[in-house]
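First up is the structure itself, then whatever we jot down about it.
These numbers come from the heavy atoms of this one structure, side chains and all, not from hydrogens, waters or symmetry mates.
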Amino acid sequence: MASCSVEDVLTKAERDEAEKLKGITVNKELDLEFDPGNLLAFDKNRIDTREFKDNKREDFLRSLARDNTQLLINEVWKLPTERVEEIIVAKLPDPTTSLPREKPAPKPKPPTKWEQFAKLKGIQKKKKTNLVWDEVHKEWRRRWGYKRAKDDTKEWLIEVPENADPSEDQFAKRNKAKKERVAKNEYNRLKNIARAQKIKVPGMGLAPTPRQSKAELAQAVNVAKISTASVGKFQDNLPKEKTPKNTGKKRKFQPLIGDFSSEKQKQLDLLKVMDSKKPRLDITKAVNKQMREEDRDSAQKSKKGFGKKGRRGNMSGKGKGKAGGKGKAKKGKGQKPHMKQGKR
């Protein structure tokens, strides 16, 4: 009996496992249209609405997706394959279905100042060859870059001009002029981009304009001050110098790897606050908030009551003072007599 019961259990388990794992053959009334290049399959079969409503929707959709995916995988295995690093890889053909773009098409770049000038003057761009003839070395060399033709940086002797200082280093002068040309070209490139995007010229400190404003000068002083190794910590303020308004304290974050005990305690405190039924109340913060609200209400009430005028001229009869002709107000109950303030 024990052996029979064990065999029955194993048979039942195998049957359940076989039911879970369906075969690779899927029968459809209409064959699916495949696009292996995009790993795409089109199912044009009619969906049984009764089965869709009777069964659970998620189970029905999961079963349908499983069958269509199995058919797509079967179609992929029909393609030619190859082995790459002990892995079988299928060679996908070119896609036939044109899919829409995920993002909009890029906008054309606006023309630069030189392109606008060239279009206005009718200047056409001519493509130059990369190689030119070098008369010194008697060979074809590159026009720009490494081992270019007419490379004056490799000269070991430079003639001093007549109007130049004899003690001046011509090599240093040439290197400085080259750095200035590179910086000027880079600045012009950034300026063209800023002009095309209609934004301010990027950079720090003073912009090369004929006149600088007070704010630009203050910004340049601040940049020069914090450009030291100590970030301006030991720099003294100039006379009548104001503290810049745009500087603030940097946020400090906890290190990613450090004291795990403190991090554990913080997480436990947070869970304790979230798990507590009673809300956590900061008495000082609540009292300050209540006092601010009371001050605001009293200020609004005093503002509304301030400057109100009495209704004059609407009452008829006696007791209107000078305007009514007769006089003096009588003393009634609960009223204090009017006292004149004398000299002390």
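The shortest side-chain heavy-atom distance between Lys12 and Asp8 does not fall under the 4.5 Å cut-off. Residues Lys225 and Glu241 form a side-chain contact, since some pair of their non-hydrogen atoms from C-beta on lies under 4.5 Å apart. Taking 4.5 Å as the limit, every side-chain heavy atom of Thr228 sits out of range of all side-chain heavy atoms of Phe234. Val76 places none of its side-chain heavy atoms less than 4.5 Å from the side chain of Phe34. Side-chain contact between Thr69 and Ile73 is present, with at least one heavy-atom pair separated by less than 4.5 Å. Between Leu32 and Phe42 the shortest side-chain heavy-atom distance does not fall below 4.5 Å. With contacts defined as side-chain heavy-atom distances shorter than 4.5 Å, the pair Lys184/Arg181 does not qualify. Counting only heavy atoms from C-beta outward, the side chains of Phe117 and Thr112 never approach each other to under 4.5 Å.
Listed for the Asp134 side chain is no donor-acceptor partner under 3.5 Å among the backbone atoms of Trp140. Side-chain atoms of Ser302 come within 3.5 Å of backbone atoms of Ala299 as a donor-acceptor pair (strictly under, hydrogens ignored). Side chain of Asn45 to main chain of Leu30: a donor-acceptor pair is present (N/O by atom type, distance under 3.5 Å, no hydrogens or angles).
The environment of Asp94 atom CG is sparse: at most 12 non-hydrogen atoms of other residues, nucleotides or ligands sit within 6.0 angstrom. Open room surrounds CD1 on Ile283; 12 or fewer heavy atoms of other groups in view lie less than 6.0 Å from it. By the 6.0 Å contact criterion, CD on Glu168 is enclosed, its count of non-hydrogen atoms from other residues, nucleotides or ligands being greater than 12. Heavy atoms from other residues, nucleotides or ligands lying under 6.0 Å from CD of Glu294 number more than 12. Environment of CG in Leu270: crowded, with over 12 heavy atoms of neighbouring residues, nucleotides or ligands closer than 6.0 Å. The environment of Leu99 atom CG is dense: over 12 non-hydrogen atoms of other residues, nucleotides or ligands sit within 6.0 angstrom. For CD of Glu139, the number of neighbouring non-hydrogen atoms (other residues, nucleotides, ligands) closer than 6.0 Å is greater than 12.
Between Pro93 and Leu79 the shortest heavy-atom distance is CD-CD1, 3.9 Å. The heavy-atom pair separating Leu39 from Leu72 by the smallest distance is O-CD2, 3.5 Å. Shortest non-hydrogen contact noted between Leu64 and Lys28 is CD1-NZ, 3.5 Å. Of all the heavy atoms in Arg101 and Pro106, the pair that sits closest is NH2-CD, 3.8 Å. Considering every non-hydrogen atom in both Ala149 and Val132, the closest pair reads CB-CG2, 3.5 Å. Contact detail for Ile158 and Arg174: the closest heavy-atom pair is CD1-NH1, 3.5 Å.
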Open item on the list: Could you walk me through whether Lys173 and Asp169 satisfy the side-chain contact (heavy atoms from CB on, under 4.5 Å) test, starting with their C-alpha distance in whole Å, then the side-chain angles of each, then the deciding distance to 0.1 Å, before giving a yes or no?
Closed with: CA-CA 6 Å; Lys173 183 179 179 181; Asp169 188 358; over 6 Å; no

Task: salt bridge (Lys or Arg N to Asp or Glu O under 4.0 Å) evaluation trace for Glu186 with Arg189 - done: CA-CA 5 Å; Glu186 179 65 15; Arg189 186 183 70 84; 2.6 Å; yes

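Taking CD from Gln235 and OG from Ser227, the interatomic distance works out to 8.0 Å, rounded to the nearest 0.5 Å. In this structure, NZ on Lys233 lies 15.5 Å from CD1 on Ile226, to the nearest 0.5 angstrom. Taking CG of Leu238 as the start and NZ of Lys240 as the end, the distance is 12.5 Å to the nearest 0.5 Å. Rounded to the nearest 0.5 Å, atoms CG (Asp269) and NZ (Lys264) are 12.0 Å apart. The distance from the CD atom of Glu33 to the OG1 atom of Thr96 is 9.5 Å, given to the nearest 0.5 Å. Note that NZ of Lys150 and CZ of Arg143 are 9.0 Å apart. Values are rounded to the nearest 0.5 Å.
At a threshold of 4.5 Å between side-chain heavy atoms, the hydrophobic network of Ile, Leu, Val, Met, Phe, Trp and Tyr places Leu131 and Trp133 in one connected group.
A salt bridge links Arg62 with Asp59: the closest approach of a Lys/Arg side-chain nitrogen to an acidic carboxylate oxygen falls below 4.0 angstrom. The pair Arg296-Glu293 does not count as a salt bridge, with every side-chain nitrogen at least 4.0 angstrom from each carboxylate oxygen. For Glu135 and Arg141, the salt-bridge test fails: no basic side-chain N is under 4.0 Å from an acidic carboxylate O.
Side-chain atoms of Thr97 and Asp35 form a donor-acceptor pair, as typed in the model, at a separation below 3.5 Å.
Residue pairs meeting the side-chain hydrogen bond (donor to acceptor under 3.5 Å, both in side chains) criterion with at least one member in residues 74-86, sequence neighbours excluded, are Gln70-Asn74.
The salt bridge (charged side-chain N to carboxylate O under 4.0 Å, His left out) test applied to Arg148 returns Asp151, not counting sequence neighbours.
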